[in-house]
Amino acid sequence: MEHIRTTKVEQVKLLDRFSTSNKSLTGTLYLTATHLLFIDSHQKETWILHHHIASVEKLALTTSGCPLVIQCKNFRTVHFIVPRERDCHDIYNSLLQLSKQAKYEDLYAFSYNPKQNDSERLQGWQLIDLAEEYKRMGVPNSHWQLSDANRDYKICETYPRELYVPRIASKPIIVGSSKFRSKGRFPVLSYYHQDKEAAICRCSQPLSGFSARCLEDEHLLQAISKANPVNRYMYVMDTRPKLNAMANRAAGKGYENEDNYSNIRFQFVGIENIHVMRSSLQKLLEVNGTKGLSVNDFYSGLESSGWLRHIKAVMDAAIFLAKVLIEKDWISFGHKFSERCGQLDGDPKEVSPVFTQFLECVWHLTEQFPQAFEFSEAFLLQIHEHIHSCQFGNFLGNCQKEREELKLKEKTYSLWPFLLEDQKKYLNPLYSSESHRFTVLEPNTVSFNFKFWRNMYHQFDRTLHPRQSVFNIIMNMNEQNKQLEKDIKDLESKIKQRKNKQTDGILTKELLHSVHPESPNLKTSLCFKEQTLLPVNDALRTIEGSSPADNRYSEYAEEFSKSEPAVVSLEYGVARMTC
Amino acid sequence: MEFAELIKTPRVDNVVLHRPFYPAVEGTLCLTGHHLILSSRQDNTEELWLLHSNIDAIDKRFVGSLGTIIIKCKDFRIIQLDIPGMEECLNIASSIEVFLCLFSRIQVLQALSTLDSITLMYPFFYRPMFEVIEDGWHSFLPEQEFELYSSATSEWRLSYVNKEFAVCPSYPPIVTVPKSIDDEALRKVATFRHGGRFPVLSYYHKKNGMVIMRSGQPLTGTNGRRCKEDEKLINATLRAGKRGYIIDTRSLNVAQQTRAKGGGFEQEAHYPQWRRIHKSIERYHILQESLIKLVEACNDQTHNMDRWLSKLEASNWLTHIKEILTTACLAAQCIDREGASILIHGTEGTDSTLQVTSLAQIILEPRSRTIRGFEALIEREWLQAGHPFQQRCAQSAYCNTKQKWEAPVFLLFLDCVWQILRQFPCSFEFNENFLIMLFEHAYASQFGTFLGNNESERCKLKLQQKTMSLWSWVNQPSELSKFTNPLFEANNLVIWPSVAPQSLPLWEGIFLRWNRSSKYLDEAYEEMVNIIEYNKELQAKVNILRRQLAELETEDGMQESP
């Protein structure tokens with residue numbers, strides 16, 4: 001709280017981001033320990049979690065006040081005008097401090113209390129068990145075993161304790177290999193395809209420089225190759241553009257020398273590094289924030305940002321890694337969450353949207369295979385939300401070791417049980433449970449299949465969205481169908497009872513009368529339409545960006561039933577009348 | 001003219017048909033006067049029936065004695081036929097080329113007059129295999145359409161001034177005009193408007209009595225000619241003290257240039273009660289080239305991301321979409337928000353004008369979002385209003401010889417409707433397939449509906465007597481079910497689409513239709529339909545059971561009460 005000087009400012013204007021006529025709402029701005037809150041004159045609340053703030057900018061003073069532009073990591077952009085410069089300055093300074101905490105312990109997750117007891121909390125953390133995941137894949141088996149080499153994080157700090165390696169790879173080989181790999185990240189099993197006995201392993205670049213080699217590393221790769229008996233060759237995919245890999249040699253890093261590794265084929269797939277990705281996304285957001293954007297500017301911006309090109313590159317590379325399991329592939333294996341997502345105040349160069357890209361790739365798959373995923377787009381958006389919200393412990397820290405040191409499991413809560421509890425919201429109503437239809441997806445990566453993900457990058461710019469959501473309607477209908485099935489069963493059994501009663505009734509009329517004292521009366525049963533109206537979506541206050549109950553996907557009914565849904569949408573691009 | 005003379009080789013065996021995403025089919029190729037048919041003569045195998053008039057361009061290649069003909073269709077599909085035998089292949093190709101000339105480049109063929117060659121087209125030979133329940137030629141009569149709003153206003157009347165097509169050759173015999181303006185005045189106004197297209201009623205907004213009128217450009221010329229009757233006509237539609245808007249679909253610059261050729265725009269001095277707004281909707285070859293570029297970009301699967309995006313951008317297709325939609329929204333806004341009547345025109349008043357007037361109605365008028373209402377809209381605002389379908393749709397994206405009058409004006413309109421449909425997926429009674437079907441039939445059809453350039457030509461061709469109307473076929477329940485949107489729930493609102501580039505995607509259903517498999521998307525759509533159908537079933541069942549239970553309860557009550 002020591003950062004907050006001003007807690008409330010009145011007569012603040014919230015500008016419509018896309019309005020060419022500078023339309024605005026007037027209201028009051030509040031600053032709390034965790035959120036920035038704006039309540040407009042219609043009592044509509046906009047909550048912004050401090051952790052979500054990516055940048056705060058104070059623009060030059062205008063006649064109406066001091067402009068404050070806040071950009072959030074979940075792609076919300078708000079533009080306030082604060083009447084007095086001093087208030088604006090106070091808020092600006094506070095937000096700068098609050099949005100970039102220097103210590104993990106200051107993050108929201110450590111103060112967030114969802115009223116769970118300790119055992120519930122523990123259960124939450126145990127929802128996803130890596131050993132179970134590997135067991136499902138059929139590991140350990142005759143080729144692969146659990147290695148305890150990294151039990152105390154001695155070999156590799158950024159790897160988890162439990163690692164799966166080829167059975168024939170001895171500990172000295174592992175240790176030797178790890179010394180030859182950047183940050184000790186030696187090759188370990190990532191995914192095992194039981195039917196084909198094929199494995200996906202991953203590791204970091206070798207510290208080869210221009211000529212160095214490492215016999216243990218060569219042995220380990222050989223062992224991996226032997227653990228895939230069905231395949232004659234093993235492929236090593238280097239995700240970088242070859243040029244980058246070559247340049248790294250000067251820094252004592254580099255790539256494997258083909259001459260030293262037999263039966264192995266090397267392939268570069270050209271995914272750009274985090275710095276390129278970061279500026280690519282920045283460019284994309286810049287273009288899309290333009291008022292009165294023309295189609296040509298939109299597409300040339302999309303092209304020059306290179307964003308979709310990068311997405312396609314990742315998809316092309318990952319096409320055989322279609323099975324997507326976030327917990328395993330990303331969190332346990334040291335994706336540098338806190339640095340890449342800028343949770344703490346650190347080196348801005350280390351921030352990158354790699355995980356956002358992963359989610360986008362998954363979204364593209366859901367677009368091509370609408371029935372193959374049990375979850376919906378809302379699920380992906382919600383996960384993205386919480387990568388940055390720092391509300392749950394899952395995405396804090398950079399590796400398992402760091403997470404253990406932070407005692408996340410004792411001090412914070414896991415996101416997954418909250419998503420699970422709300423899973424109805426995230427289920428894909430069209431999901432086909434006949435999973436055999438979609439064992440391996442074969443996505444089409446022709447360029448025209450890649451589209452701009454509006455619902456991610458403009459998730460808060462509702463004027464750009466369709467006004468009616470098919471997804472929502474079908475989801476509600478699925479729910480309703482379940483209810484109706486139940487109703488039918490109830491009614492049938494009631495009718496049966498009645499009929500039995502009638503046949504018996506002639507004889508034992510009096511008896512029956514006492515058994516069924518009160519029957520539902522005629523009137524209510526005819527008001528069927530009203531009865532089966534769906535439960536209205538929680539009209540609860542939504543704290544945008546921090547509540548797992550965020551109901552931005554259910555606003556359609558409310559928005560559409562307004563008598564004048566037009567004003568806002570027209571403002572963007574249409575309504576200017578010039579002679 | 002005998003078709004048989006044109007067909008040197010009517011039949012070839014062992015021809016192999018290649019289509020994207022389908023296995024190759026071997027069979028017998030037959031050429032008839034109107035169709036190219038490939039049949040494998042086996043059960044369960046789909047036959048290919050292609051109308052000659054659907055062929056936009058062909059290429060031929062030879063490898064040894066094996067010839068290959070690549071047929072590019074007006075619906076953007078590309079198919080390949082491998083024909084054994086050089087001579088057979090050449091004969092087939094040359095016959096197709098002759099038909100192509102005959103049915104597409106009608107006006108190039110000197111031997112026949114335009115109208116004569118139209119009578120050789122398939123609709124004049126087509127005999128329907130279905131029983132006509134309702135004759136589509138009489139489904140949307142102007143008198144009936146007029147009745148829809150005559151209850152709300154008495155300020156308008158039907159005029160038969162054009163019944164011989166003498167006043168305006170591109171107008172229908174019956175038009176709606178202000179009641180206070182007599183036919184004599186209309187004749188005078190016609191001489192002041194391009195193509196005789198004097199201002200007529202396009203749409204009456206019942207909510208506030210405002211109207212959309214459309215016309216051709218005023219023929220002011222360089223010396224600023226004026227026409228008192230014209231001014232009186234459009235002023236007659238204004239309420240006392242109210243101003244109206246004139247939306248000129250051309251930029252001010254373009255409008256000014258037309259003065260040299262005798263055209264022009266309404267001068268403020270002569271139309272003080274009207275405010276003029278210029279938009280710039282492109283026409284003619286610019287649109288045709290845009291389509292050609294877009295289809296070319298979509299057909300090349302090898303483009304890398306940058307190239308694809310820059311090709312998509314360079315086609316400018318979506319820029320045209322945005323411009324048209326924006327103008328339509330503006331028109332709708334004048335009517336519904338500003339409470340002002342509008343007059344819309346470009347140069348001829350047969351292209352961009354109709355795009356805007358019809359889209360504004362989609363936005364404003366719930367009826368035009370139903371199947372019947374949309375058909376009526378096309379009948380009224382496109383066919384009757386004199387959009388020259390025959391000229392505009394003569395060729396499509398693969399044509400080599402570009403003619404000035406060819407332009408995908410109607411396709412752009414359908415694309416705009418699709419954009420709105422996508423943003424309001426529950427507000428339309430029809431689905432995407434309905435729009436695709438209309439696109440196909442505008443370019444090649446067994447029905448007479450889209451033949452000819454205006455009502456006058458259609459009368460001369462005796463289309464009503466000699467051909468079948470598209471609506472007679474579409475409006476059969478069995479066909480309608482394919483075009484019905486299962487999500488439709490009627491709403492009476494004005495629907496305002498977003499015109500931001502982020503909200504206007506490429507219409508994949510049309511442009512990527514033949515370039516990718518839609519299997520998974522189709523299955524997902526099926527599943528959605530199933531869920532909705534199941535819901536209806538359950539609702540009905542619950543209703544029946546409730547009633548049954550209620551009856552039992554009353555019976556019980558009666559038994560118990562005495």
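Order of the sequence lines fixes the chain letters, A, B, ..., with proteins taken first and strands second; residue numbering starts at 1 for each chain. Side-chain atoms are counted along with the backbone in the values below, which use heavy atoms only and exclude waters and symmetry mates.
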Just by distance, no angles: are the side chains of A:Gln468 and B:Ser427 close enough, under 3.5 Å, to form a donor-acceptor pair? yes
Is the number of heavy atoms from other residues, nucleotides or ligands under 6.0 Å of B:Arg307 CZ greater than 12? no
Looking only at heavy atoms, which two atoms of A:Tyr299 and B:Leu309 are closest? And how far apart? CD2-CD2, 4.1 Å
Between the side chain of B:Thr319 and the main-chain N/O of A:Val295, is any donor-acceptor distance below 3.5 Å? no
Rounded to the nearest 0.5 Å, how far apart are CD1 of B:Ile531 and CE of A:Met475? 11.5 Å
What's the verdict on side-chain contact (heavy atoms from CB on, under 4.5 Å) for A:Val446 and B:Arg516, showing C-alpha distance, side-chain angles and the deciding distance? CA-CA 9 Å; A:Val446 175; B:Arg516 50 146 209 217; over 6 Å; no
Could you measure the distance from the CE atom of A:Met477 to the CD atom of B:Gln539? Nearest 0.5 Å is fine. 7.5 Å
Part of B:Leu512 lying under 4.5 Å from any heavy atom of chain A: side chain
Can you list everything that forms a ring pair (Phe, Tyr, Trp, His ring centres under 6.0 Å) with B:Phe430? Sequence neighbours excluded, please. B:Phe374, B:Phe428, B:Phe434
Min side-chain heavy-atom separation B:Trp308-A:Leu308 under 4.5 Å: no
In terms of heavy-atom contacts, B:Asn304 and A:Ser447 come closest through C-OG, 3.2 Å
Given that the side chain runs from C-beta out, which part of A:Arg309 has a heavy atom under 4.5 Å from chain B: side chain, backbone, both or neither? both
Checking B:Trp514 now: which residues fulfil ring pair (Phe, Tyr, Trp, His ring centres under 6.0 Å) with it, not counting sequence neighbours? none
Over all atoms of both residues, closest heavy-atom pair of A:Arg498 and B:Leu549: CG-CD1, 3.9 Å
Counting only heavy atoms closer than 4.5 Å, note whether B:Asn530 contacts chain A via side chain, backbone, both or neither. neither
To the closest 0.5 Å, what do you measure between CD1 (A:Ile495) and CG (B:Leu545)? 4.5 Å
Considering only heavy atoms, which portion of B:Glu508 lies under 4.5 Å from any heavy atom of chain A: side chain, backbone, both, or neither? side chain
Under 4.5 Å from a heavy atom of chain B, the part of A:Phe452 involved: side chain
If you round to the nearest 0.5 Å, how far is CD of B:Gln502 from OH of A:Tyr457? 13.5 Å
NZ/NE/NH1/NH2 to OD/OE distance under 4.0 Å, A:Lys494 and B:Glu553: no
With rounding to the nearest 0.5 angstrom, report the CD to CG distance, A:Gln480 to B:Asn535. 4.5 Å
What are the two closest non-hydrogen atoms of B:Arg422 and A:Pro466, and how far apart are they? O-CB, 4.0 Å
Is the number of heavy atoms from other residues, nucleotides or ligands within 6.0 Å of CG (B:Asp522) greater than 12? yes
Against chain A, work out which of B:Glu527, B:Glu537, B:His303 has the most heavy-atom pairs shorter than 4.5 Å and name it. B:Glu527
Heavy-atom pair of closest approach, residues A:Leu464 and B:Ser503: O-OG, 2.9 Å
Please classify the contact of B:Leu318 with chain A as side chain, backbone, both or neither, using a heavy-atom distance under 4.5 Å. both
side-chain contact (heavy atoms from CB on, under 4.5 Å), that's the test. Do A:Ile474 and B:Ile532 meet it? Break it down for me. CA-CA 8 Å; A:Ile474 298 301; B:Ile532 296 169; 4.0 Å; yes
Please evaluate residues B:Lys311 and A:Phe448 with respect to the criterion side-chain contact (heavy atoms from CB on, under 4.5 Å), reporting the C-alpha separation (whole Å), side-chain torsions for both, the decisive distance (0.1 Å), and the verdict. CA-CA 11 Å; B:Lys311 287 241 165 191; A:Phe448 57 56; over 6 Å; no
To the nearest 0.5 angstrom, please state how far the NZ atom of B:Lys541 sits from the CG atom of A:Asp487. 12.0 Å
Shortest non-hydrogen contact from A:Leu491 toward B:Arg546: CD1-CG, 3.8 Å
For B:Gln548 and A:Lys499: C-alpha separation, side-chain torsions, deciding distance, then whether side-chain contact (heavy atoms from CB on, under 4.5 Å) applies. CA-CA 11 Å; B:Gln548 217 178 330; A:Lys499 280 194 175 150; 3.6 Å; yes
Among A:Val470, A:Asp490, A:Ile311, residue most engaged with chain B (heavy-atom pairs, under 4.5 Å): A:Val470
